[in-house]
Amino acid sequence: MKFTADKKMLLRSITPVCLGVAPKNTDPLLEGIYIEASGGVITMCSYDREKGIRTTLEADVEKEGKIIVDAQKTSAIIHSLPDGPVTVESDENLILRIITDEADFQISGKDASNYPGLPEVRGDLDYTLQQNKIRSMINKTLFAVSQDDSKATYTGSLFEINGNSMRITALDGFRVSMRSEEGLTERDDLDLRFIMPGKAQNDLLRLISDNDQPISVNMARKHIIFTFDNVYFITRLLDGEFLDFRKKIPPQRTVCARINTARFIDSIERAALIIDERIKSSIRLNFDGGSVNVSVATMLGRFKDEFSYEEIVSGSLEIGFNHKILLEALRAINEEYITVSLSHNLGPMIITPDEKSEGNPDRFLYMILPVQLNNG
């Protein structure tokens, strides 16, 4: 194999592919990236049996061929090179050379003849999404995806597309994060429901940009395929039933408060300063008469803070939460005011949009389960 391509174009192709490499795969061929030169086109690919990334670029191909090489080393080498043409060639001993006028690298490769390749899947349903909108929705829900592989369904998020609106829901047994957005697709006839793995969502976040350029999406029975720029990204979908979290929302509200989001975050962040991460200490919230008292007591010390809120439903309630879980939800909201609803001290906190705000009242919902408070 031998070809010459521009350094910037090479880097643009290899960088996304590196995201799909499985560093500790049972198949050693999947621990590297596949490079093939054929017909004036360079194809790069990574695959871990669950998801895969492929890119292509045009190049001056002098000799066709294919090889598997270490992803990080190859990417780092190309990144280090000066701008301009780069010649890449491999020999019968599976040595890959990367050559410019100033540098000559040689790295060992592997035989690519038995590389499994990405599954050739094509569904019959196509639509497009805006990169910045899907990126924002995933960013604001992904943190709640379960890390417990024994609950495979919850290691992904539920995507529901109805018409041109989309809802993403993630949960892990301690909290629920849900975002809804309208005008995401160009179609109004869609009715889809699927579970996309959290790891694939994380890769997609690193691949797409924060702009309004479209992503082409193809839906197959067990896979979803995203195509944009020179990138082809495929991932297997998860099977199973997803919890209907709305059935877990208590019908009654003992306390319902309109709270300034930034003030709430400030208070929890201050309390976190005296929490020892090795010891599970909870934040204590005492809602009463339009004021919430925030307190925490640990081996490091004590903290108290108080701020006011606007009462929507008057009541009193003391309840405890894990500060990290609460902060992740609050930081994902990015709105000036929120509505906080509580039923009892063992019931969840429900965070929804400010009831005085404009826009879809169902655009987000965060549900956080409390922790048992001690008497200290």
- Item | Polar side-chain atom of R135 near backbone of N211 as donor-acceptor pair, under 3.5 Å | no
- Message: Under a plain distance cut-off of 3.5 Å, with no hydrogens placed, do S146 and D148 share a side-chain donor-acceptor pair?
- Response: no
- Over 12 non-hydrogen atoms of neighbours within 6.0 angstrom of CG in D101: no
- Can you check whether F174's main-chain N or O pairs, donor with acceptor, with D172's side chain at less than 3.5 Å? yes
- Roughly how far apart are I283 CD1 and F303 CZ, rounded to 0.5 Å? 7.5 Å
- Task: Indicate if I208 and I161 have the same hydrophobic cluster label, given that clusters are the connected sets of ILVMFWY residues with side-chain heavy-atom separations under 4.5 angstrom.
- Result: yes
- Side-chain heavy-atom pair L158, L171 within 4.5 angstrom cut-off: no
- Would you call K63 and E92 a salt bridge, using N to O less than 4.0 angstrom? no
- Path from L11 to F3 over hydrophobic side-chain contacts below 4.5 Å: yes
- Approximate separation, where rounding is to 0.5 Å, of D244 CG and I249 CD1: 9.0 Å
- Do V86 and L57 share a hydrophobic cluster (ILVMFWY, side-chain heavy atoms under 4.5 Å, transitive)? yes
- Item | Nearest-0.5 Å distance, CG of residue D212 to CD of residue Q130 | 5.5 Å
- Task: Show your working on salt bridge (charged side-chain N to carboxylate O under 4.0 Å, His left out) between R54 and E36 and close with a plain yes or no.
- Result: CA-CA 11 Å; R54 182 171 65 219; E36 179 178 0; over 6 Å; no
- Item | Check ion pair D305-R263 (N to O, under 4.0 angstrom) | yes
- Shortest non-hydrogen contact between S13 and N230, atoms and distance: OG-ND2, 3.2 Å
- Item | Flag side-chain contact, heavy atom, 4.5 Å: V69 against I33 | yes
- Message: Under the criterion side chain to side chain contact (heavy atoms under 4.5 Å, CB included), I'd like the reasoning laid out for C256 against E355: C-alpha separation, chi angles, the key distance, then a yes or no.
- Response: CA-CA 11 Å; C256 186; E355 294 189 1; 4.2 Å; yes
- Roughly how far, to the nearest 0.5 Å, is OG1 of T235 from CD1 of I224? 8.5 Å
- Task: Apply side chain to side chain contact (heavy atoms under 4.5 Å, CB included) to M137 and S157, showing your working.
- Result: CA-CA 11 Å; M137 291 183 72; S157 300; over 6 Å; no
- How far apart are the C-alpha atoms of L204 and M196, what are their side-chain angles, what is the distance that settles it, and do they pass the side chain to side chain contact (heavy atoms under 4.5 Å, CB included) test? CA-CA 11 Å; L204 184 62; M196 183 173 171; 4.1 Å; yes
- Message: Does H344, at its NE2 atom, have more than 12 non-hydrogen atoms belonging to other residues, nucleotides or ligands within less than 6.0 Å?
- Response: yes
- Message: Y115 vs Y47, test: side chain to side chain contact (heavy atoms under 4.5 Å, CB included). Steps then yes/no.
- Response: CA-CA 10 Å; Y115 188 77; Y47 182 47; 3.6 Å; yes
- Within-4.5 Å side-chain heavy-atom neighbours: L192 and L125: yes
- Look at the side chain of S165 and the backbone N and O of N162, then say whether any donor-acceptor pair between them is shorter than 3.5 Å. yes
- Between the CD1 atom in I215 and the OG atom in S209, the distance rounded to the nearest 0.5 Å is 9.0 Å
- Task: Please check if the side chain of S80 supplies one atom and the backbone of I77 the other of a donor-acceptor pair under 3.5 Å.
- Result: yes
- Item | Distance, nearest 0.5 Å, that separates CG of L300 from CG of L273 | 10.5 Å
- Message: Strictly below 4.0 Å, N to O, side chains only: are E102 and K7 in salt-bridge contact?
- Response: no
- Does the side chain of L317 reach to within under 4.5 Å of the side chain of L285, using non-hydrogen atoms? no
- Task: Report yes if some heavy atom in the side chain of M178 is under 4.5 Å from a heavy atom in the side chain of S180; otherwise report no.
- Result: yes
- Task: Decide whether I274 and L327 are clustered together by the hydrophobic rule: side chain heavy atoms of Ile, Leu, Val, Met, Phe, Trp, Tyr closer than 4.5 Å, transitively.
- Result: yes
- Task: Answer yes or no: does atom CD of E58 have more than 12 heavy-atom neighbours from other residues, nucleotides or ligands under 6.0 Å?
- Result: no
- Heavy-atom closest pair, residues L10 and A5: CG-CB, 4.0 Å
- Do you know the tightest heavy-atom contact between T153 and G240? OG1-CA, 3.8 Å
- Query: Of all heavy-atom pairs between G52 and F233, which one has the smallest distance, and what is that distance?
  - Reply: O-CD1, 3.3 Å
- Task: Would you please say whether a donor-acceptor pair under 3.5 Å links the side chains of S295 and N286?
- Result: no
- Report, as yes or no, whether the 6.0 Å neighbourhood of atom CD on E318 holds more than 12 heavy atoms from other residues, nucleotides or ligands. yes
- Message: If I compare all heavy atoms of L96 with all of S90, which pair ends up nearest, and what's the gap?
- Response: CD1-CB, 4.0 Å
- Query: Taking atom types as modelled and ignoring hydrogens, do the side chains of D126 and N218 form a donor-acceptor contact shorter than 3.5 angstrom?
  - Reply: yes
- Message: Quick check on K199: does its NZ atom have over 12 non-hydrogen neighbours (other residues, nucleotides or ligands) under 6.0 Å away?
- Response: no
- Note on the structure: Exactly one of E328, R179, R175 clears side chain to side chain donor-acceptor pair (under 3.5 Å) with Y366, and that residue is R179
- For residues L330 and I338, determine if any side-chain heavy atom of one lies less than 4.5 Å from a side-chain heavy atom of the other. yes
- Task: Determine yes or no for a side-chain-to-main-chain donor-acceptor pair under 3.5 angstrom, with S308 supplying the side chain and S291 the backbone.
- Result: no
- Could you pull out the closest heavy-atom pair between C18 and Q72, with the gap in Å? CB-NE2, 4.1 Å
- Check: R363/S357 side-chain N/O donor and acceptor closer than 3.5 Å: yes
- Task: Please determine if R187 and D189 form a salt bridge, counting it only when a charged side-chain N lies under 4.0 Å from a carboxylate O.
- Result: yes
- Query: Between D104, T100, T4, which is the residue that forms a side chain to side chain donor-acceptor pair (under 3.5 Å) with T87?
  - Reply: T4
- Test item: D149 side-chain N/O and A152 main-chain N/O as donor-acceptor pair under 3.5 Å: no
- Message: Just to verify, which of E335, E336, E310 counts as forming a salt bridge (Lys or Arg N to Asp or Glu O under 4.0 Å) with K356?
- Response: E310
- Look at the rings of Y154 and F242 and say which category their plane angle falls in: under 30° parallel, 30 to 60° tilted, over 60° perpendicular. perpendicular
- Should we count CD of E62 as having more than 12 external heavy atoms under 6.0 Å? no
- Is the backbone N or O of D70 less than 3.5 Å from a side-chain atom of T74, with the two atoms forming a donor-acceptor pair by type? yes
- Cluster check L238, F245: I/L/V/M/F/W/Y, side chain < 4.5 angstrom: yes
- Check whether any side-chain heavy atom of M219 lies under 4.5 Å from a side-chain heavy atom of V217, and answer yes or no. yes
- Message: Taking D362 first and then R167, would you say they form a salt bridge - that is, a charged N and a carboxylate O separated by under 4.0 Å?
- Response: no
- Message: Do I268 and F321 have side chains that approach each other closer than 4.5 Å (heavy atoms only, starting at C-beta)?
- Response: no
